[in-house]
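Take a look at the structure below.
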Protein chains: 4
Amino acid sequence: MAGNSFGTLFRLTTYGESHGPSIGGIIEGVPAGIALTEADIQKDLDLRKPGGGDTQSPRKEADRIRVQSGLFQGHTTGTALAFLIENTNQHSNDYDELARVFRPSHADWSYHQKYHGFRDYRGGGRASGRETAARVAAGAVAGLILQQHGIRVFAASIALGGIWIAPKDRDCAGSLGRKYFAASSDVIPLWDQCVHDARQQHETLGGVVQIEAKGVPAGLGEPVFDKLSATLAHALMSVGAVKGVEIGEGFGAADLCGSANNDSLLPPTQDSGVRFASNHAGGIVGGISTGQDIVVRCAVKPIASIPKPQQTIDIDGNPCTITIGGRHDLSAIPRIVPVLKAMTQIALCDALLVHEHVQNSL
Amino acid sequence: MAGNSFGTLFRLTTYGESHGPSIGGIIEGVPAGIALTEADIQKDLDLRKPGGGDTQSPRKEADRIRVQSGLFQGHTTGTALAFLIENTNQHSNDYDELARVFRPSHADWSYHQKYHGFRDYRGGGRASGRETAARVAAGAVAGLILQQHGIRVFAASIALGGIWIAPKDRDCAGSLGRKYFAASSDVIPLWDQCVHDARQQHETLGGVVQIEAKGVPAGLGEPVFDKLSATLAHALMSVGAVKGVEIGEGFGAADLCGSANNDSLLPPTQDSGVRFASNHAGGIVGGISTGQDIVVRCAVKPIASIPKPQQTIDIDGNPCTITIGGRHDLSAIPRIVPVLKAMTQIALCDALLVHEHVQNSL
Amino acid sequence: MAGNSFGTLFRLTTYGESHGPSIGGIIEGVPAGIALTEADIQKDLDLRKPGGGDTQSPRKEADRIRVQSGLFQGHTTGTALAFLIENTNQHSNDYDELARVFRPSHADWSYHQKYHGFRDYRGGGRASGRETAARVAAGAVAGLILQQHGIRVFAASIALGGIWIAPKDRDCAGSLGRKYFAASSDVIPLWDQCVHDARQQHETLGGVVQIEAKGVPAGLGEPVFDKLSATLAHALMSVGAVKGVEIGEGFGAADLCGSANNDSLLPPTQDSGVRFASNHAGGIVGGISTGQDIVVRCAVKPIASIPKPQQTIDIDGNPCTITIGGRHDLSAIPRIVPVLKAMTQIALCDALLVHEHVQNSL
Amino acid sequence: MAGNSFGTLFRLTTYGESHGPSIGGIIEGVPAGIALTEADIQKDLDLRKPGGGDTQSPRKEADRIRVQSGLFQGHTTGTALAFLIENTNQHSNDYDELARVFRPSHADWSYHQKYHGFRDYRGGGRASGRETAARVAAGAVAGLILQQHGIRVFAASIALGGIWIAPKDRDCAGSLGRKYFAASSDVIPLWDQCVHDARQQHETLGGVVQIEAKGVPAGLGEPVFDKLSATLAHALMSVGAVKGVEIGEGFGAADLCGSANNDSLLPPTQDSGVRFASNHAGGIVGGISTGQDIVVRCAVKPIASIPKPQQTIDIDGNPCTITIGGRHDLSAIPRIVPVLKAMTQIALCDALLVHEHVQNSL
């Protein structure tokens, strides 16, 4: 399939550039009869709205969801659920100079090559972080379906500008109430200072986001190519700034010996099913969920738009210097947090429905 | 799609359990007229053959490729290219006790849950590492297509048992001639000792593999969901023991500031196209290849089958102790190296053909 | 995939109910750099606009196309091309009584069963003929791509109310200028009379549409399941009122002997390639195009909404009588003609791009 | 997707040329725990075995099914179910002369063009009717799943050589016991004579096959592009000799007025659900099953291999005469009957599983 769709049964197809009339998407595979309102979606969309924290651009976006189909009298109809978000508050002239210059580490160059020079250079066009709004909207719908199956997904920042929150101190479930959607309150002053310093130095910052899914039944994911770990990695790595994805111990597992990485099974108790002595696997073994919490981490690179002079070339190949103005976030943290949560919800919802069908259809 | 297929145009569908009559696959999307022999595929298959190095099981497998269709008079016909590899030298009785006990950190439990107790427990059935032979066979075909476009893929071990090869010392292109498919010769004595110690302690080891693709043109990958980074992550994370995937600086990028992570473009010279001052991006920006080398790393967990007693439960939920006998590798390194190379070739070949068609069809 | 998408590389995903805010779609796989304006699409959309001929509803629809993405400075950008058409001039109250009664031979009953009673009953919701506007819009884009490859598609009515145009008299290429998009002018008075009589008798009419594609190169279509004949049949049978599809001699071929149905190949001449002595095959043999004209016919059932009393049941299963008011066409002819042309263009464009890539990528 | 796969969730991918080592396929989406033996599949395969009736080639094929994976201890495991059928009794030398000559109305020319001259000309290669054996094998598995849902599919010949069985005389359910899989015994003597005459005249014959599915619940099929009618048409038109597909009244509906084509709903009785006064729709309205019998007809063209001289050209474009020897059926009837039944079972099984999941997953 072309690159604008994700999922097999719960399937999202999106469109939109940051400076076109609107961005939006079509969700296929939403069961009929789910109670849904635009407000349910708006709630999640508001979490990625800019203008919130220290790291963010002062740009204000309405980002108002407008469902176009698949919803009737407060319930889903089972047919394609389409939505759009109008683009407002655009300052296209901020980007005029970008028509002829390639910003370092932006998609300008790769898009220019791929599309033979035909591209909407305003705000990065299709490569703009703005496309993630459609992911969040679809993630909200997926979240409602997961909820009906007792599954909840949480996401939190665990590192910013090189300052990490230790594993034992990570509370992802409580992140919504915290600045930076941080996994712990204690780190916030340190991050504030780090952000302040970066701003002084005209720098940008990267970070790490941890996502946890609780209540996921054992059995989700398919063998071989569509392992749950693989589809989650696909979903999360498809978000612009993500450069790495790991599950459970992740890269740490490479340095462990077998006995330290294995998770022993424990007999069920009266008030619980089978349990495990540990969860080094992050809830996925052989690509199939085990019933434990699913734990995933994503590496987020620093924002490429830095307000200091950089060497680059123009479309004629001549060397030049660019200093990027405009309104830009200082870090993808925290706005990327609800996006990664949404992609996890979409991937889990699809895996859930595929499993439901194939193995429970008899 | 169900979980046994990978790719949009260059599409691999596989089958097979380790103790059935055979394993194999069907490749769709192979252009007609490519000179291909079974020997071309066998060459790559032999690289993952067990019985080679210190870390490996003494089990001998013929793993002889037998092409069933799509090949006529030494050239591909453009129709489905099917192949199979007969399973030989099976010791199913090694696994009889496993019918009722769940091995820790194996897919026994998750498969048992997913498939309601119906599973081929011999050698892990569909979850056996043996299925990777089909990936390697298809990767060989993908490699021939890539070659015709001037693309070459290399893979090498850069860490084993916690002993890493420093970035500056990594020579992936030369790995084929080295034990462990190591990225450097210097580390081999250290790894030998590490493996020896692990065997003494009845332990298993994990490691890290680095894959590099050279000659990849700019423009491969699709925007949004099928970014080249996302499909590579999907392809690599779908290999059993992989718990993490990172591109370029990967998780390291999370700790860098923007100016340290950005790659400046440099003007073309007489004998080269556009160049870059650095390659922190690992050859992919905005999900699209830049024309630089693609650099990916995979975290490989230690083998779950350890020859020491472990606590677990049986299918009735009763606690028990298991000591895994049979013939098992001590580490997925080095046998996983050609598998990860193959998956990279398959993902790149598919991205190449999709791009060729969509953007060069006019 | 769910039911709202068609195509592998040139891929259309649509949404929309007749009484929601809008209908529309997303097209993936449009190459970059194609000169395209909204007017190019509007031109085709206007061909299916109601309010035109004797058979049509007096309802007036603006059906104004509004491209949302994938278009910049008059050229396609290669990214998802999204469009929408606002729904206007709706008389939802026309449909209030339909909330509880199943119209015979409408999708009311089957949708009610499929979606457990959750459905937008206004104007048939997702089953409304109105969704075909999105097909026509996408068909216009496909048509531009086909044009660049020298392929033109024509469609014409060859039967209405049981009155057929003889094969020798069919001129599909000239249909645009004729009432009913008829394949011949001579039949028009007869059809006028037939329509007049049907209106007197409160009846509706069916018909047959013939589609011809000229300039199609040999080699389009894939073996086995995605034969060009099969994807065309899928595309055309997916249009609401179509109950049959045949290619070349079609059902007539069943009554022919081999020598009468075979098409002999003739040597090429100076000013032409290989020719055929006949085209009983309708341009497709073994599922692959031969280079001859592709000829397809579709059976169109009479409109189910008849303005006379019919027996049916309500949602409680009680028998009742319904007389359908509202504004309805008397026949799907001629408005379905541009829709079937559009679906043929979409299927051919997808087949062209898939073939381009797979066989010409080396 | 490439052309060798069919289905979304119950997905068949096949391979194989008539003169390679084997043909076969991989079925994805088979639920775990279905009791299945090779004999269950062999039973259906034997129905298409040649050497049976007057119309058939004397060639004898073992066509012995050999399941390679997905089956363990008499039950499906839920993983990819692969099977192969070895090619035996091949007389490749029958085809040597075909390497350079294009047989009229065979796929020789279109394949030669598509694949730039690379093709397995022996027995038609991938275009050989032999590939349908894989469809029948997969259809048998689909049939078992349908059976568990109370769905049975029947297929019968209703026309051969221009001699039709009248609608009122068609008994598809009883066809298995009859020569030609005829829908009525009375026609058999007439068909015998017709076949005898054709053989005298060195001619071949076409026919029509009717397929009926009983017990199909209301609600199968997806709106818009994957209407059940559309996926059935795709499935059936993908069989080599099929040139037309119609549902219910089909092309006859084009000549009916609305009141004659509509099916009135009748209230449920004590011992039945909702009924209909007629079934002109053939069990599908708006692309969704109604709960009535599904009725489909396929036009089958006469065999292209006729044992009399025909004009054609060779691969150099020179005119020549060909008289096709070898062993060929005189008509695709009756061997195509179990193939069309199988494709209907595959399409219905996929639609059933897709519907099961999407609408019953909550």
Side-chain angles (χ1 to χ4, degrees), chain C residues 1 3-4 6 8 102 104-105 107 110 113-114 126-127 159 162 203-204 206-208 218-219 222-227 229-230 233-234 237-238 243-247 250-251 253-255 257-259 261-265 267-268 285-286 288 290 299 301-304 306 311-313 317 319, chain D residues 1 3-4 6 8 102 104-105 107 110 113-114 126-127 159 162 203-204 206-208 218-219 222-227 229-230 233-234 237-238 243-247 250-251 253-255 257-259 261-265 267-268 285-286 288 290 299 301-304 306 311-313 317 319:
Chain C
M1 272 108 313
N4 292 284
F6 183 84
T8 295
F102 302 119
S105 298
S110 47
Q113 292 297 102
K114 181 175 186 66
R126 188 61 170 145
E203 274 298 353
T204 58
V208 178
E222 300 301 314
V224 193
F225 298 117
D226 286 352
K227 289 181 165 73
S229 38
H234 188 150
M237 197 75 98
S238 76
K243 299 297 285 188
V245 175
E246 62 178 11
I247 294 171
F251 277 85
D255 297 344
C257 62
S259 62
N261 189 61
N262 282 0
D263 301 307
S264 285
L265 288 86
V285 174
I288 315 293
T290 61
K301 74 172 187 174
I303 295 283
I306 56 177
Q311 282 306 309
T312 185
I313 62 175
Chain D
M1 271 107 313
N4 292 283
F6 183 84
T8 296
F102 302 119
S105 298
S110 46
Q113 292 297 101
K114 182 176 186 67
R126 188 59 171 147
E203 274 298 354
T204 58
V208 179
E222 300 301 314
V224 194
F225 299 117
D226 286 353
K227 289 182 165 73
S229 38
H234 188 150
M237 197 75 97
S238 76
K243 298 298 286 187
V245 174
E246 62 178 12
I247 294 172
F251 277 84
D255 297 343
C257 61
S259 62
N261 189 61
N262 283 359
D263 301 307
S264 286
L265 287 86
V285 174
I288 314 293
T290 62
K301 74 172 187 174
I303 295 283
I306 55 177
Q311 282 306 309
T312 186
I313 62 174

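Sequence lines set the chain letters: A, B, ... in the order given, protein chains first and strands last, and positions in each chain run from 1.
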Which of D:A230, D:A253, D:A299 touches chain C most, by non-hydrogen pairs under 4.5 Å
D:A230
Checked C:P223, C:G286, C:P268 vs chain D; the most non-hydrogen pairs under 4.5 Å come from C:P223
CD of D:E246 to CZ of C:F251, rounded to nearest 0.5 Å, is 3.5 Å
Contact part of D:A159 toward chain C, heavy-atom cut-off under 4.5 Å: side chain, backbone, both or neither?
neither
Within-4.5 Å side-chain heavy-atom neighbours: D:I288 and C:Q113
no
Rounded at 0.5 Å granularity, tell me how far CD1 in D:I313 sits from OG in C:S264.
10.5 Å
Under the 3.5 angstrom rule, does the side chain of C:E203 hit a backbone N or O of D:G258 as a donor-acceptor pair?
yes
Looking only at C:D255, C:V224, C:T204, the option with the highest number of non-hydrogen pairs under 4.5 Å against chain D is C:V224
The side-chain contact (heavy atoms from CB on, under 4.5 Å) partners of D:V285 (sequence neighbours excluded) come to C:S110, D:A281, D:T290
What residues, two or more places apart in sequence or in another chain, satisfy side-chain contact (heavy atoms from CB on, under 4.5 Å) together with D:S229?
C:M237, D:K227, D:I247, D:I284
Tell me which of these, C:G219, C:G207, C:A254, has more heavy-atom pairs under 4.5 Å with chain D than the rest.
C:A254
Chain D interface, residue from C:A233, C:C257, C:G206 that has the most non-hydrogen pairs under 4.5 Å
C:C257
Take C:T312 and D:L265, measure what side-chain contact (heavy atoms from CB on, under 4.5 Å) needs, and give me the verdict at the end.
CA-CA 5 Å; C:T312 185; D:L265 287 86; 3.7 Å; yes
In terms of heavy-atom pairs under 4.5 Å, which option from D:A218, D:P267, D:A107 contacts chain C the most?
D:P267
Options C:A127, C:G250, C:S259, ranked by heavy-atom pairs under 4.5 Å with chain D, top entry:
C:S259
Is a side-chain N or O of D:N261 found less than 3.5 angstrom from the main chain of C:P302, in a donor-acceptor match?
no
Donor-acceptor contact below 3.5 Å, side chain C:H234 vs main chain D:D226
no
Quick check for you: to the nearest 0.5 Å, what is the distance between D:D263 atom CG and C:S105 atom OG?
4.5 Å
